[in-house]
**Student:** 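Encoded as structure tokens, here's the structure I'll be asking about.
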Amino acid sequence: MQDYLNELNDVQRDAVTNIKGPVLVVAGPGSGKTRVLTYRIANIIENGVPPWEILALTFTNKSAREMKERIAKVVGSRANNVWAGTFHSIFARILRVEAEKIGYPSSFTIYDTQDSKSVISSIIKEMNLSRDRYNVNAIASRISSAKSSLIPPKLYTQMKELIQQDSINKRPKIHVIYAKYMARCKRAGAMDFDDLLFQLYYLLHKNPDNVLDKYRKKFKYLLVDEFQDTNYLQYAIIKKLVKYDGSDNNICVVGDDAQSIYAFRGATVENILDFEKDFKGLKTFKLEQNYRSTTHIVQAANAIIGHNTKQIKKKIWSHKGDGTKIRVIKAMSDSEEGKRVADTIVEQKTRSHFSNSDIAILYRTNAQSRIFEEYLRRYNIPYKVFGGTSFYQRKEVKDLIGYLRLAINQQDEEALKRVINYPKRGIGKTTVEKISAKAGENDISMWEAMDYVELPAGAMKKIKAFKTMIKAFIDKSTTMDAYDLAAYAARQSGIISTLKADTSVEGLSRLENVTSLLDGIKEFVENDEVEEGVELTDDKSLASYIQNIALHTNQDEEEDGNFVTLMSTHSAKGLEFKSVFVVGLEENLFPSFMAMKSPQGIEEERRLFYVAITRAEEYLTISFANSRYRHGKHSNNSPSRFLNEIPLENLESSFSMSKPTSGTAVRPQRSGVAGNFKKARTQAKLSINVADFKPSPSALIKEGQKVLHLKFGEGVVEQVDGRGDKKVATINFPQIDNPKRRLMLKFAKLQIMSEE
DNA sequence: TGACTGTGGGTTTTT
DNA sequence: CCCACAGTCA
């Protein structure tokens, strides 16, 4: 028997060695779920199955990568040939091969959420519907859930219940918008996130050239991680692949109903319950021993989840010892909450010798990160914020990507609309509307419509010039590699010169972001490492880089380094830290006011809280504030109901309001405006004594002075320009990369060290 | 016809 | 607070 099997407990080993037939693994938090999955795959390979016949589906690129690394530790490089990836990326890869069978170009664009909403927005506008009544977000989520339930527009129109709901909500035209939206995406050669699932289902369902058989034969072993987070459509695809006459039903799903936190995007726990009915002879294994957390934490978690009505019975236990009781921080304000959490981090670092990477701050909404960033920066504690707007969603980055997308797929209307007048080249709203109308009349793409539309001579000339430029990109895309072409496009389009002309701090950071993107593309071109999956991506063309960018999230960034982790509770799933701070435990925030309308909503928030606290190994601290700034306004909220669900015996006794601490409250500043993407939010390690730092009034900052900045260290003011609030100082900070920074004096905290 | 400025309204989580 | 739009000016 192989070594790795000895690292498992009895239940885990059973789950690993029963490789034939359907298996359900119910895995509590910290119960070694990933270990079971990876060893199971390794075991399948050891049993002589070629790795490329194994398909492992996850929800994040990160967990796929981690899984593959761990498989490699057991079976070596063979792990690279396992098809492991997210639902979306694996399906996108299949669709690239098969797209033409369902009427899409294989170079189809993937629309991200922004793109989808923009399409919906223009449809609403064209139909002359009220923007207030037809709220884009509401429509988008309605369409998304229809797709995720396998209801195409035609069927939607026939479903009395849906139509009735829409008319009650006074939005009877949704089914029309939906149909137009689908047509518009198709015309643009684009698939949105849901399409990657939806279109794959229809490919398998319609089965042109018997593709279904091809993939059934290809994937003999299927594994699904986080099964509780799959939606109806995902499960339908899984069944297409595995459940048929003569199938071996080699499927293993792993999940925890108590950690189902994605109902808002269609996930349904029903899938776990249905799984038992759909696959006869199912073997179920329950992993109940928690290896992660101490008993106080596990007990509290069990008590909290006990308040939910529906769940699979299981008893999670730990023998790591009682450990430390849970601490609760009561703060008067969000600012005080930030300070006290930062104080506690300092305390834990010195008393328990934790390093930064042992610590995480978890919040319900990404917007909460700012205040913690502010204090961690003050205390010189390196941190990294995950989630929020990803790098690829920043305007300037999307602008350049827009050109690249257009070079690959000229039908891509969202890309076209984005770049046709950026940088400004005098092609205004009216002209674009005319092109769009022409495209609509003739059911052709806007790119084609540009040849037929009737315009005044001036506008015509500008359009021609634009088209010529893009054609040059297309031509070069056959000879240049991704980097050269991207750099060429960045210059030719005028993006670089436009950004260079903007000398504000924000402008500078935008330019740096574009440079970072180019650097990233260069890295892609030069990187000779093997990518995930069986088909080695030795394709360094722009297309192969650009096509999966929408699927790339900033969770995927490599993250070695010693920093405190800041992320949303959703993003934290699957992770663990010695010390965890779950912050903002207030009614209307956690649970979110959006979820408070329904009991199911509350139960999902409770599961989310359960996920959050079970990330902790040794220390768990929970905090809330009596008042906080939200959307620029003060708001007061009572402590979260979830706090009362924690048994008293698991709480530190001092669960009483501590006195507000002496430190003055600060409002967060805009952070990370200067510095490039990777470095921006991780703090430079400069030893500045925070207590001694006293910013000088900005009016006193003059050329030639030596100044001190908390993040950048010592520097020399080289130039001050602008007047009043708009004063900008150019300062040389020799201790950092990119030493020249332009800081808005209104915001910059600088301490004058000496006059020159 | 396009560029710019002020106002009003929404407001969660993610592939 | 941030974004999208409407209304105004060149």
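Protein chains get the first letters and strands the later ones, always in sequence-line order, with residue 1 at the start of each.
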**Student:** Name every donor-acceptor pair, under 3.5 Å, that has one atom in a side chain of residues 588-598 of chain A and the other anywhere in the protein, sequence neighbours excluded.
**Tutor:**
| unit_1 | atom_1 | unit_2 | atom_2 | d |
| --- | --- | --- | --- | --- |
| A/Asn588 | ND2 | A/Asn637 | OD1 | 3.0 |
| A/Ser592 | OG | A/Met594 | N | 3.0 |
| A/Ser598 | OG | A/Gly601 | N | 2.9 |

**Student:** Using whole Å, report how far OH of A/Tyr422 lies from C1' of B/dG2.
**Tutor:** 17 Å
**Student:** When we call it a touch if two heavy atoms are under 4.0 Å apart, what does A/Asp194 touch: a base, just sugar-phosphate, or nothing?
**Tutor:** nothing
**Student:** If we ignore angles and hydrogens, is there a donor and acceptor under 3.5 Å between the side chains of A/Tyr629 and A/Ser333?
**Tutor:**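 The criterion, which ignores hydrogens and geometry beyond distance, is not satisfied for A/Ser333 and A/Tyr629.
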**Student:** Between A/Asn135 and B/dG9, is there a side-chain N or O to OP1/OP2 distance below 4.0 Å?
**Tutor:** no
**Student:** Does a salt bridge link A/Arg184 with A/Glu414, judged by any charged N lying under 4.0 Å from a carboxylate O?
**Tutor:**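 Result for this pair is no, no salt bridge flagged.
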**Student:** What parts of residues 257-266 of chain A reach DNA chain B, counting only heavy atoms under 4.0 Å away?
**Tutor:** A/Tyr262, A/Phe264, A/Arg265
**Student:** Separation of A/Leu196 atom CG from B/dT14 atom C1', in whole Å?
**Tutor:**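 Rounded to whole Å, this separation is 14 Å.
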**Student:** Please report the distance, rounded to the nearest Å, between NZ in A/Lys147 and P in B/dT14.
**Tutor:** 21 Å
**Student:** Among B/dG2, B/dT12, B/dT15, find the nucleotide with the atom closest to the side chain of A/Arg364.
**Tutor:**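 So the side chain of A/Arg364 is nearest to B/dT12.
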**Student:** Looking just at side-chain N and O atoms, do A/Asp192 and A/Tyr181 make a donor-acceptor pair shorter than 3.5 Å?
**Tutor:** yes
**Student:** How would you label the contact of A/Leu197 with the nucleic acid (heavy atoms, under 4.0 Å): base, sugar-phosphate, or nothing?
**Tutor:** nothing
**Student:** Measure from the side chain of A/His570, starting at C-beta and using heavy atoms only, and say which of B/dT13, B/dG10, C/dC5 lies closest.
**Tutor:**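 Per side-chain heavy atoms of A/His570, the pick is B/dT13.
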**Student:** Salt bridge check, A/Glu605 against A/Arg364: does any charged N sit closer than 4.0 Å to a carboxylate O?
**Tutor:** yes
**Student:** Please report the distance, rounded to the nearest Å, between CG in A/Asp112 and P in B/dT14.
**Tutor:**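 Computing the A/Asp112:CG to B/dT14:P distance gives 14 Å.
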**Student:** Base, sugar-phosphate, or nothing: which does A/Ser592 touch, judged by heavy atoms less than 4.0 Å apart?
**Tutor:** base
**Student:** How about A/Thr109 and A/Asn409: does a side-chain donor come under 3.5 Å of a side-chain acceptor?
**Tutor:** yes
**Student:** Base, sugar-phosphate or nothing for A/Phe59? Non-hydrogen atoms, less than 4.0 Å.
**Tutor:** sugar-phosphate
